[in-house]
Amino acid sequence: MAKAGLLNDRKCAVHWEALPAFNERFMRVEAAATVYEVDNSVWSCAGGTAAFDMMVELVKLHCGEPVAVNVGELAVAGRVRTGDERQRLPLLRQHGRLNPTVVKLIELMQRNLATPLTMADLAAAAGLSRRQVERLFRNDLGRSPCRYFRELRLEHAKLLLAQSAMPVLEIAVSCGFVSASHFSRCFREAHQMAPHEARNLPIGRFLGVSTPRPASGDTPSDTCSSPTLA
């Protein structure tokens, strides 16, 4: 639909894994990592179980809420999600329920991958001190906000490398790194390979490469040597 121009100036839902490359290719489409989107006659979802959530909404629209509720019960759905819910919060499953403030700051990070936020920005957004923000992230995620934000940006870069032909320098800039060399150094540290080496891997194998979990306590690279979370 996007290739045919049918989504120009419209909203649509795109699976989080395909979203970075989709946004780079289809700049006139308002794509989002939501469960599903309804823009007049255009209905779109992220796939997987999101299709069920969207179909229940369609049933509700045509048959009313009681019928939609019965559909959910018959399908043994624990909960039917609304369209504007986010598809994914990284590490949510591994760590259980996150503090609402941590969730809010993660979403803020995801919206600002190209412009690294400072600890002051995060503290102001949360209405807390820097020390309190640090404590929340370490309690819930076992790492500092600095390290976690870098992991999000490197994951975004990984998806762009796998799904697009963007030059490494452009990917570095779009993910908030100050230079290609800085990006390459951080990427190699996280994935044990250079960006250009990763691009030559089969997509399935590359996307299966996981970011090493930090040991107890931070490594030297986990500390912020600059005022931004770069």
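- In this structure, the separation between CG on Leu159 and CD on Glu24 is 12.0 Å, given to the nearest 0.5 Å.
- In this structure, Glu155 does not pair ionically with Arg150, as no charged nitrogen and carboxylate oxygen lie closer than 4.0 Å.
- Electrostatic pairing of Arg185 and Glu189 does not count as a salt bridge here, judged by no charged N lying under 4.0 Å from a carboxylate O.
- With sequence neighbours excluded, no residue satisfies ring-ring contact (aromatic ring centres under 6.0 Å, His included) with Phe52.
- Checked by atom type and distance alone, the side chain of Arg25 never pairs as donor or acceptor with a backbone atom of Ser164 at under 3.5 Å.
- Side-chain atoms of Arg135 and Asn139, non-hydrogen and from C-beta on, do get closer than 4.5 Å to each other.
- Residues Asn23 and Leu19 have side chains in contact (heavy-atom distance under 4.5 Å, counting atoms from C-beta outward).
- Distance alone, capped at 3.5 Å, is enough to place a donor-acceptor pair between the His15 side chain and the Glu17 backbone.
- Contact detail for Asn40 and Trp43: the closest heavy-atom pair is O-NE1, 3.8 Å.
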Review point. Does the side-chain contact (heavy atoms from CB on, under 4.5 Å) test come out yes or no for Val102 and Ile106, once each step is laid out?
Key: CA-CA 6 Å; Val102 173; Ile106 289 175; 3.8 Å; yes

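- Nearest approach of Ser144 to Arg138, heavy atoms of both residues: CB-NH2, 3.4 Å.
- Rounding to the nearest 0.5 Å places CG of Leu152 at 6.5 Å from CG of Leu113.
- For Gln132, the side-chain hydrogen bond (donor to acceptor under 3.5 Å, both in side chains) test picks out Ser129, with sequence neighbours left out.
- Partners of Glu85 according to the salt bridge (Lys or Arg N to Asp or Glu O under 4.0 Å) rule, which considers only residues two or more places apart in sequence or in another chain, are Arg79.
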Review point. So Val178 and Phe183, side-chain contact (heavy atoms from CB on, under 4.5 Å) or not? Walk me through it.
Key: CA-CA 8 Å; Val178 296; Phe183 166 62; over 6 Å; no

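- Taking all atoms of both residues into account, the shortest heavy-atom contact from Met119 to Arg130 is CB-NE, 3.5 Å.
- No donor-acceptor pair under 3.5 Å is formed between the side chain of Gln163 and the backbone N or O of Leu160.
- Distance check, rounded to the nearest 0.5 Å: CG of Leu7 to CZ of Phe22 gives 6.0 Å.
- Taking 4.5 Å as the limit, some side-chain heavy atom of Val42 sits within range of a side-chain heavy atom of Met1.
- For residues 26-54, every residue pair satisfying the salt bridge (Lys or Arg N to Asp or Glu O under 4.0 Å) rule, not counting sequence neighbours, is listed here: Asp9-Arg28, Arg10-Asp39, Asp53-Arg81.
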**Study point:** side-chain contact (heavy atoms from CB on, under 4.5 Å) assessment of Asn99 paired with Val103
**Key:** CA-CA 6 Å; Asn99 183 290; Val103 172; over 6 Å; no

Point to revise | Test side-chain contact (heavy atoms from CB on, under 4.5 Å) applied to Arg111 and Glu107, step by step | key: CA-CA 6 Å; Arg111 294 193 300 268; Glu107 291 177 338; 3.9 Å; yes

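- Pairs engaging residues 113-123 under the salt bridge (Lys or Arg N to Asp or Glu O under 4.0 Å) rule: none recorded [sequence neighbours left out].
- Atoms NZ and CD1, from Lys158 and Ile171 in turn, are 13.0 Å apart once rounded to the nearest 0.5 Å.
- When all heavy atoms of Ser44 and Ala13 are compared, the closest pair comes out as OG-N, 2.9 Å.
- Distance check: Lys104 NZ to Leu122 CG gives 11.0 Å after rounding to the nearest 0.5 Å.
- Atom SG of Cys63 is separated from atom CG of Asn70 by 11.0 Å, given to the nearest 0.5 angstrom.
- When all heavy atoms of Ala194 and Arg188 are compared, the closest pair comes out as CB-NH2, 3.2 Å.
- When all heavy atoms of Phe187 and Met193 are compared, the closest pair comes out as CD2-O, 3.3 Å.
- A cation-pi arrangement is present between Arg153 and Phe177 under the rule of less than 6.0 angstrom and at most 45 degrees off the ring axis.
- With sequence neighbours left out, Ser184 forms a side chain to side chain contact (heavy atoms under 4.5 Å, CB included) with Pro195.
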